[in-house]
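Following: one structure in C-alpha cells, then a few remarks.
No hydrogens, no waters, no symmetry mates; every other heavy atom, side chains included, goes into these values. We count residues from 1, following the sequence as given.
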Amino acid sequence: MASWNIDLASARSVVNRTAEEAANLADAAKSLQDAAEGAQAAARSAVVGDALKAAYEQYAALLIANARSRAETACSSLHQALDAYRDADLEMAARAQANAAEAG
C-alpha cells in the first residue's frame, strides 16, 4: 500500500504562490499589449503596424490567456486534491481512534 505524507501547509503555500504568479500574467499581457500598440504607432508602414497588432491579438494574447486559465484550473484542482487528502486523513484518524476505543 502506498504511503503519503503531505505537508498541507507547505503544499497550499506553493499552490497559492503559483496562483498569484498566474494572476500576474494579466499585468504581463497588458504590458505586452501596450508595447505592441506602441510598436504599431511607431511603425512607418500600416502593413507592419497591422501585422504587429495581429501578432499580439491573434497569438500572444491568446497564449497568455490560455496559460493563465490552465494555471488557475491546476491550482483549483490541487486545492481540491489537498482537501480530499486532508479529509481522508481525518477520517482515517477517526477510524483508528474508534478501533482503539473498541479494543480498549
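Asp89 CG to Leu82 CG: the interatomic distance, rounded to the nearest 0.5 Å, is 11.5 Å. Distance check: His79 NE2 to Arg86 CZ gives 11.5 Å after rounding to the nearest 0.5 Å. Atom CD of Gln58 sits about 10.0 Å away from atom NZ of Lys53, to the nearest 0.5 Å. Taken from CZ in Arg70 to OG in Ser77, the straight-line distance is 12.5 Å, to the nearest 0.5 Å.
When side chains are defined from C-beta on, Val15 does not count as touching Arg12, because their heavy atoms never get closer than 4.5 Å. A 4.5 Å side-chain heavy-atom check between Asn99 and Arg95 finds at least one atom pair inside the cut-off.
Thr18 places a side-chain N or O within 3.5 Å of a backbone atom of Val14 that can act as its donor or acceptor partner. With hydrogens and angles ignored, the 3.5 Å screen pairs a side-chain donor or acceptor of Thr73 with a backbone N or O of Ser69. No side-chain donor-acceptor contact under 3.5 Å links Ser76 to the backbone of Glu72.
For the residue pair Gln40 and Asp50, the shortest heavy atom distance occurs at NE2-OD1, 3.7 Å. Scanning both residues, Arg68 and Ala22, for their nearest heavy atoms gives CG-O, 3.5 Å. Here the closest heavy-atom approach between residue Ile6 and residue Tyr85 is recorded as N-OH, 3.1 Å. In plain terms, the two heavy atoms of Tyr56 and Ala29 that are nearest each other are OH-O, 3.2 Å.
Both Leu32 and Leu25 are members of a single hydrophobic cluster when ILVMFWY side chains are connected at heavy-atom separations under 4.5 Å.
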